[in-house]
Amino acid sequence: MDHGLSVTPRALATEAVHAGREDLAGLGVHAPPLDLSTTYPSYDARAEAARIDEFATTGARLDGPPVYARLDNPTVARFEEALARLEGAEAGVAFASGMAALTAVLLARASQGLRHVVAVRPLYGCSDHLLDAGLLGTEVTWTDPAGIADAIRPDTGLVMVESPANPTLAEADIRAIAHSCGSVPLLVDNTFATPVLQRPVELGARIVLHSATKYLGGHGDVMGGIVACDEEFARTLRQVRFATGGVLHPLAGYLLLRGLSTLPVRVRAASSSAAELVRRLATDPRIARVHYPRIGGAMIAFEVYGDPHDVIAGVRLITPAVSLGSVDTLIQHPASISHRIVAEGDRRSAGVSDRLLRMSVGLEDVEDLWRDLTQALSAPPAGPLRAAAPGSDRPVAVPGPVAR
């Protein structure tokens, strides 16, 4: 989509509102149209065959109307363009979920004989499992950031990090890691930070992954994933998407594009509340440790002296549920839910203790959130209290919250 944009850079908040929508006035509409077609008429079969052959050869977007929804969809394309602009990338390719997006990346690299992945824990539990289980024929080497360069082999197709990481919120030096990767593409899962707080492409990453289900959608009512990258890799991803069928539904694309328009406002407001909750938790005698990234954000994690399951059972305003990034606040116990699929030893070595709780702060008033959380922390035990994990018996200082 080329709408003759000005070369003058626009602020992120402006891009969030206008990217992917510049042609609307010319169409005579104010809201983006929703195209639900699964197929499109064509009376020139020869020309259509030539266009399909072109896609099969190059993976480039088709000129003219779509042929079939698995090839392309105009509504989804608007979301792809908008997110790519927010991330400062050449292209975006959307998928049915974040895991479908990661699957496509792995398959795209494997198609070139590059099945080895170097990865840094912690990652989202299902991302960890997809790599570690070898379900797609990949082989993974787990390392810390300092060991990345030594772990790279001739058949390494990808280096993967998540920063801030799920669920410990550990941060990686993306620029330094990108340097260590050499010619191997660095993939950064930017789901927690969003382009509001961090743009990995500017730091040297070549692939940026989002579970769009989270902050990009922002309302807990749409599932999707997207990869921001250069156009060359995007062409391969489109071919993988066409072949495997992991397409994003147009209605989801519509909702995700709408979600982007308020992304900066939502992230900054929720981050302000999160920083205040971190300040209070850091001095609370019921809390052993608080995790909060230096770049700020709306995600916090904390380890309790008591039983974390009692906290989950005790909240009333906060919703005990998986996922994150919604307008309402969610809390969950990673060792039981999001990272249950990761082997216990690997979880603990990555800092995911059995006492850790992860909270996605929403847009409620911070005083209401604190009242609910502090009551849950003081709730009587619902069952036998288990002994505290070694090393969790003293508070640990956290970085000062970043005002945003």
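Along the sequence shown, residues are numbered consecutively beginning with 1. All values below were derived from every heavy atom in this structure, side-chain atoms included, with hydrogens, water molecules and symmetry-related copies excluded.
- The existence of a salt bridge linking Glu81 and Arg78 is excluded, since no basic side-chain nitrogen approaches an acidic carboxylate oxygen closer than 4.0 Å.
- Looking only at side-chain heavy atoms (C-beta outward), Phe79 and Leu260 come within less than 4.5 Å of each other.
- Without hydrogens or angle criteria, Ser271 side chain to Val267 main chain gives a donor-acceptor distance under 3.5 Å.
- We find the CE-CG distance between Met223 and Leu255 to be 13.0 Å, quoted to the nearest 0.5 Å.
- Defined by atom type and a distance below 3.5 Å, a donor-acceptor pair is missing between the side-chain atoms of Glu171 and Ser163.
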For a side chain to side chain contact (heavy atoms under 4.5 Å, CB included) check, start with the C-alpha distance between Leu107 and Val105, then their side-chain angles and the critical distance, and finish with the verdict.
CA-CA 5 Å; Leu107 290 175; Val105 171; over 6 Å; no
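- In terms of modelled atom types and a separation under 3.5 Å, the side chain of Ser180 and the main chain of Ala149 share no donor-acceptor contact.
- Not a single donor-acceptor pair under 3.5 Å links the side chain of Gln332 to the backbone N or O of Leu357.
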Apply salt bridge (charged side-chain N to carboxylate O under 4.0 Å, His left out) to the pair Glu276 and Arg280, showing each step before the final yes or no.
CA-CA 6 Å; Glu276 175 59 22; Arg280 299 183 188 190; 2.7 Å; yes
Please evaluate residues Glu90 and Arg206 with respect to the criterion salt bridge (charged side-chain N to carboxylate O under 4.0 Å, His left out), reporting the C-alpha separation (whole Å), side-chain torsions for both, the decisive distance (0.1 Å), and the verdict.
CA-CA 10 Å; Glu90 289 181 356; Arg206 288 169 55 187; over 6 Å; no
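- Side-chain atoms of Leu106 and Leu158, non-hydrogen and from C-beta on, do get closer than 4.5 Å to each other.
- Thr58 places a side-chain N or O within 3.5 Å of a backbone atom of Ala60 that can act as its donor or acceptor partner.
- Residues Ser37 and Asn73 come closest through the heavy atom pair O-ND2, 4.4 Å.
- Listed by first and then second residue, the salt bridge (Lys or Arg N to Asp or Glu O under 4.0 Å) pairs involving residues 114-126 are Arg121-Asp128, Arg121-Asp132, Arg121-Asp346 (not counting sequence neighbours).
- Contact of the Asp284 side chain with the Phe302 side chain is not registered, since no non-hydrogen atoms from C-beta on lie closer than 4.5 Å.
- No side-chain donor-acceptor contact under 3.5 Å links Asn166 to the backbone of Leu123.
- Side-chain atoms of Asp372 come within 3.5 Å of backbone N or O of Arg316 as a donor-acceptor pair.
- Here Glu303 contributes atom CD and Arg355 contributes atom CZ; the two are 10.0 Å apart, rounded to the nearest 0.5 Å.
- Contact check on Arg238 versus Asp72 returns no salt bridge, with no Lys/Arg side-chain nitrogen under 4.0 Å from an Asp/Glu carboxylate oxygen.
- Atom CE of Met359 is separated from atom CE of Met299 by 9.0 Å, given to the nearest 0.5 angstrom.
- Atoms CG and CZ, from Leu136 and Arg109 in turn, are 15.0 Å apart once rounded to the nearest 0.5 Å.
- For residues 216-244, the set of pairs meeting the ring-ring contact (aromatic ring centres under 6.0 Å, His included) definition, not counting sequence neighbours, comprises Phe55-Phe242.
- Side-chain contact between Ile318 and Leu330: absent, with no pair of heavy atoms (C-beta onward) separated by less than 4.5 Å.
- For the atom pair CG of Leu317 and CG of Asp368, the computed distance is 6.0 Å after rounding to the nearest 0.5 Å.
- Of the inter-residue distances, the one linking Ser349 atom OG with Asp144 atom CG reads 11.0 Å to the nearest 0.5 angstrom.
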Salt bridge (charged side-chain N to carboxylate O under 4.0 Å, His left out) assessment of Arg348 paired with Asp354:
CA-CA 8 Å; Arg348 291 186 174 178; Asp354 290 342; 2.5 Å; yes
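- Inter-residue side-chain proximity for His210 and Glu87 is flagged as met; some heavy-atom pair is nearer than 4.5 Å.
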Val290/Ile300 under side chain to side chain contact (heavy atoms under 4.5 Å, CB included): CA gap, chis, key distance, verdict
CA-CA 8 Å; Val290 181; Ile300 64 178; 5.6 Å; no
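- Taking the charged nitrogens against the carboxylate oxygens, Arg153 and Glu139 do have a contact shorter than 4.0 Å, which makes a salt bridge.
- In terms of heavy atoms, Ala89 sits closest to Ala228 at CB-CB, 3.8 Å.
- What you find for Arg199 and Leu86 is that their closest heavy atoms are NH1-O, 2.5 Å.
- Put simply, the side chain of Gln198 never gets that close to the backbone of Ile295: no donor and acceptor are under 3.5 Å apart.
- Between the side chains of Thr374 and Arg286, at least one donor N or O sits under 3.5 Å from an acceptor N or O.
- The closest donor-acceptor contact from the side chain of Asn190 to the backbone of Leu209 lies at 3.5 Å or more, if one exists at all.
- Within a 6.0 Å radius of CZ in Arg258, other residues, nucleotides and ligands contribute 12 heavy atoms or fewer.
- Here salt bridge (Lys or Arg N to Asp or Glu O under 4.0 Å) pairs that include residues 172-192, with residues two or more places apart or in two chains, number zero.
- Between Gly92 and Ala84, the shortest heavy-atom distance links the atoms N-CB, 3.7 Å.
- Using a 4.5 Å cut-off on side-chain heavy atoms (C-beta onward), Asp221 and Thr213 make no contact.
- With sequence neighbours excluded, no residue satisfies salt bridge (Lys or Arg N to Asp or Glu O under 4.0 Å) with Glu232.
- When the options Val184, Leu187, Thr141 are evaluated for a side chain to side chain contact (heavy atoms under 4.5 Å, CB included) with Val159, the one that passes is Val184.
- Considering every non-hydrogen atom in both Ala212 and Leu256, the closest pair reads O-CD2, 3.4 Å.
- When every heavy atom of Leu169 is checked against every heavy atom of Pro293, the shortest pair comes out as CD1-CD, 3.8 Å.
- Counting only residues at least two apart or on different chains, the salt bridge (Lys or Arg N to Asp or Glu O under 4.0 Å) pairs with a member in residues 241-252 are Glu80-Arg241.
- Using a distance-only test at 3.5 Å, with no hydrogens or angles considered, a donor-acceptor pair links the side chain of Thr75 to the main chain of Pro33.
- You'll find the side chain of Arg21 reaches within 4.5 Å of the side chain of Ser261, heavy atoms only.
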Walk me through it: do Ile52 and Tyr68 pass the test side chain to side chain contact (heavy atoms under 4.5 Å, CB included)?
CA-CA 10 Å; Ile52 294 172; Tyr68 186 57; over 6 Å; no
Show me, pair by pair, the donor-acceptor contacts under 3.5 angstrom made by side chains of residues 245-253, not counting sequence neighbours?
residue : atom : partner : partner atom : Å
His249  : ND1  : Leu251  : N            : 3.0

Start with the C-alpha distance between Thr319 and Ile331, add both sets of side-chain angles, then the distance that settles side chain to side chain contact (heavy atoms under 4.5 Å, CB included), and finish with yes or no.
CA-CA 6 Å; Thr319 301; Ile331 192 169; over 6 Å; no
Could you walk me through whether Arg235 and Glu54 satisfy the salt bridge (charged side-chain N to carboxylate O under 4.0 Å, His left out) test, starting with their C-alpha distance in whole Å, then the side-chain angles of each, then the deciding distance to 0.1 Å, before giving a yes or no?
CA-CA 11 Å; Arg235 292 183 176 200; Glu54 176 70 12; over 6 Å; no
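- Using modelled atom types, one side-chain atom of Arg266 and one backbone atom of Tyr215 make a donor-acceptor pair closer than 3.5 Å.
- Between Met160 and Leu102 there is a side-chain heavy-atom pair separated by less than 4.5 Å.
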